[in-house]
Amino acid sequence: MNSEQQYIELYEQVRQTIFEHAPEPMNAVRERAFEHFKAHGFPTRKVERYKYTDMQQLFAPDYGLNLKRLEMDADPYQAFRCDVPNLSTCLYMMVNDSFCNRTPAKSLLPDGVIIGSLRDYPDIVSRYYAGLAKTDEDAVTALNTMLAQDGMLVYVPRNVKVERTVQVINMLKSPHRSSSSIPYLMFSRRVLIVLEEGAEVKLLFCDHTADDAHFLTTQVIEAYVGKNATLDLYCLEETHHRNVRISNVYVDQQRDSRVRHNVITLHNGVTRNRLDLTLNGEGAECGCYGCVIADKQQHVDNNTLITHHASHCMSNELYKYVLDDKSTGAFAGRVLVVKDAQKTVSQMTNQNLTATKEARMYTQPMLEIYADDVKCAHGSTVGQLNDAAMFYMRQRGIAEKEARTLLQQAFVGEVIDHVELEPLRDRLRHLVEKRFRGELNKCEGCKLCK
């Protein structure tokens with residue numbers, strides 16, 4: 001049986017249950033997504049955008065689904081504690097694939113700003129949901145759309161600026177705590193972001209696991225960024241080796257808008273991040289940055305497509321990997337400049353360190369340009385730590401392990417420097433240092449895992 005066949009049969013069996021536990025705007029596109037999934041199935045590695053990750057293998061296990069929307073007994077806001085000093089944020093939580101409405105942060109938001117469950121705002125959701133995430137173009141997006149029953153809405157009205165960073169904890173937790181075997185659980189998470197003209201918001205999504213279950217999460221984020229709007233979107237993963245995370249992010253930018261997207265993978269099992277970003281209005285700018293620290297047999301695949309549809313736009317990409325042990329990294333980035341997108345400025349850079357002979361890095365930067373008045377460049381490197389720098393530090397009494405850690409921190413620090421918010425930038429530096437020192441294993445004081 002192909003991996004997709006079990007999901008086709010499952011959906012046909014539980015279709016009615018899914019419809020009963022989901023809002024109408026999500027149900028309205030569900031059958032179409034199912035037909036697309038049946039028609040295409042999971043891509044093989046012969047498909048260009050999936051050549052570095054075996055999707056058939058990832059979806060082969062028989063994962064359980066939370067079809068009846070069972071919630072955690074404990075209040076996650078009381079249970080979750082982070083071992084890093086908190087930012088001054090508006091804190092929200094999604095447990096598995098459900099938005100948790102117990103948050104006390106609503107009073108901190110400006111008037112008109114909405115952060116809540118997709119089921120509570122059908123008028124907004126019906127206008128935007130599944131508009132960017134095309135189910136006929138990607139099997140994971142189709143699967144997510146046909147199974148998702150809830151999600152998170154971020155809506156910022158015209159000319160409203162959200163001063164505080166909005167922090168969202170995505171917590172994966174198994175309800176089968178008494179089981180002697182380690183369960184397999186799958187969740188379909190959905191996020192819809194709508195920024196009207198002149199709006200501004202900073203979003204920090206943190207992925208965590210609360211127990212040792214085999215988790216598979218499909219995540220689809222759609223972000224509409226209006227004229228002269230500003231979106232900072234930071235995605236931080238700290239999960240474990242049994243976790244599979246497949247995230248597809250779709251961004252639409254209008255005239256003079258600004259987007260900063262930063263994805264950081266510190267702990268994981270298998271991670272596949274896809275970013276499709278389209279600059280649809282003149283003067284739009286985007287910065288896309290990624291940092292990967294992997295060891296053991298971890299796998300991280302970042303795949304990006306930035307499409308310049310309008311003139312006088314700018315894009316900048318910088319992804320850096322540090323790979324140890326038998327870990328595998330992949331970066332495939334493509335910049336597409338259409339015929340009328342004159343005066344485009346674009347830079348793509350991928351730099352990688354492999355600490356062992358067993359670590360593997362695959363890199364594929366690409367430019368596809370149909371305009372004749374542009375400034376576009378791309379490049380990639382794969383290497384090891386600089387021997388001269390190591391010798392310099394050893395000569396000054398720094399132990400080899402410490403010197404290696406300092407050089408690795410400096411290497412990925414360029415990505416962290418692109419984080420606009422200073423408290424968040426400091427927090428990420430702290431997390432990266434702990435990761436390189438092998439200290440980023442368990443959050444102190446967190447009661448979710450007990």
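We count residues from 1, following the sequence as given.
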S.K.: Which pair of non-hydrogen atoms, one from L108 and one from T89, has the smallest distance, and what is that distance?
M.R.: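 Closest approach of L108 to T89: CD1-O, 4.3 Å.
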
S.K.: Evaluate whether atom CD of Q297 has more than 12 neighbouring non-hydrogen atoms of other residues, nucleotides or ligands under 6.0 angstrom away.
M.R.: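 Open.
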
S.K.: Determine, step by step, whether R190 and E222 satisfy the salt bridge (Lys or Arg N to Asp or Glu O under 4.0 Å) criterion, reporting the C-alpha distance in whole Å, the side-chain angles of both residues, the deciding distance to 0.1 Å, and the verdict.
M.R.: CA-CA 8 Å; R190 201 73 183 218; E222 297 177 278; 3.3 Å; yes

S.K.: Hydrogens and angles aside, do T349 and Q347 bring a side-chain donor and acceptor to less than 3.5 Å of each other?
M.R.: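 Result is yes, a qualifying pair exists.
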
S.K.: Do D207 and R189 sit within salt-bridge range, that is, some charged N less than 4.0 Å from a carboxylate O?
M.R.: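 Answer for the salt bridge query: yes.
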
S.K.: For the pair V337 and S346, evaluate side-chain contact (heavy atoms from CB on, under 4.5 Å) and give the outcome as yes or no after the intermediate values.
M.R.: CA-CA 9 Å; V337 183; S346 179; 5.6 Å; no

S.K.: Got a sec, which pairs hit salt bridge (charged side-chain N to carboxylate O under 4.0 Å, His left out) with one end in residues 370-380, sequence neighbours left out?
M.R.: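 Qualifying pairs, neighbours excluded: K343-D373.
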
S.K.: Salt bridge check, R258 against E285: does any charged N sit closer than 4.0 Å to a carboxylate O?
M.R.: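 Salt bridge: no.
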
S.K.: So, E433 and R437, do they make that salt bridge, N to O below 4.0 Å?
M.R.: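 Here E433 pairs with R437 in a salt bridge, since their nearest N and O are under 4.0 Å apart.
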
S.K.: Tell me every residue that passes side chain to side chain donor-acceptor pair (under 3.5 Å) with R274, counting only those two or more places apart in sequence or in another chain.
M.R.: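 With neighbours one apart ignored, the set is D138, D276.
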
S.K.: Does anything in residues 316-334 pair up under salt bridge (charged side-chain N to carboxylate O under 4.0 Å, His left out), and if so which pairs, sequence neighbours excluded?
M.R.: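 Non-adjacent pairs meeting salt bridge (charged side-chain N to carboxylate O under 4.0 Å, His left out): K320-E414, R334-E368.
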
S.K.: Applying side chain to side chain donor-acceptor pair (under 3.5 Å) as the test, list every pair that has at least one member in residues 195-206; sequence neighbours left out.
M.R.: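 Every pair satisfying side chain to side chain donor-acceptor pair (under 3.5 Å) with a residue in residues 195-206: Y155-E196.
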
S.K.: Using side-chain heavy atoms (C-beta onward) and a distance below 4.5 Å, is T218 in contact with L216?
M.R.: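 T218 reaches L216 side chain to side chain.
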
S.K.: Is there a side-chain contact (heavy atoms from CB on, under 4.5 Å) between T209 and F215 once you walk through the steps?
M.R.: CA-CA 9 Å; T209 47; F215 293 113; 3.9 Å; yes

S.K.: For a side-chain contact (heavy atoms from CB on, under 4.5 Å) check, start with the C-alpha distance between V201 and V166, then their side-chain angles and the critical distance, and finish with the verdict.
M.R.: CA-CA 8 Å; V201 70; V166 176; 4.2 Å; yes

S.K.: Using 30° and 60° as the class limits, which term best fits the ring planes of Y184 and Y63: parallel, tilted or perpendicular?
M.R.: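 Y184 and Y63: perpendicular rings.
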
S.K.: Residues in side chain to side chain donor-acceptor pair (under 3.5 Å) with R260, at least two apart?
M.R.: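 Expected list: D232, E420.
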
S.K.: Would you say the side chain of R245 lies within less than 4.5 Å of the side chain of Q219, judging by non-hydrogen atoms?
M.R.: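 Yes, their side chains come closer than 4.5 Å.
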
S.K.: Name all residues meeting the side chain to side chain donor-acceptor pair (under 3.5 Å) criterion together with R360; count only those two or more places apart in sequence or in a different chain, and write none if there are none.
M.R.: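 Partners of R360 by the side chain to side chain donor-acceptor pair (under 3.5 Å) criterion come out as none, since no residue qualifies.
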
S.K.: What about the rings of F42 and F59, do their centers lie closer together than 6.0 Å?
M.R.: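 For F42 and F59, the ring centres are under 6.0 Å apart.
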
S.K.: Mind checking whether L204 and L424 have side chains closer than 4.5 Å, heavy atoms only?
M.R.: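 Yes, side chains in contact.
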
S.K.: So do Y7 and L143 actually touch side chain to side chain, heavy atoms under 4.5 Å?
M.R.: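 Yes, at least one pair of side-chain atoms sits under 4.5 Å.
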
S.K.: Could you walk me through whether Q254 and Y224 pass side-chain contact (heavy atoms from CB on, under 4.5 Å), step by step?
M.R.: CA-CA 8 Å; Q254 296 301 312; Y224 296 83; over 6 Å; no

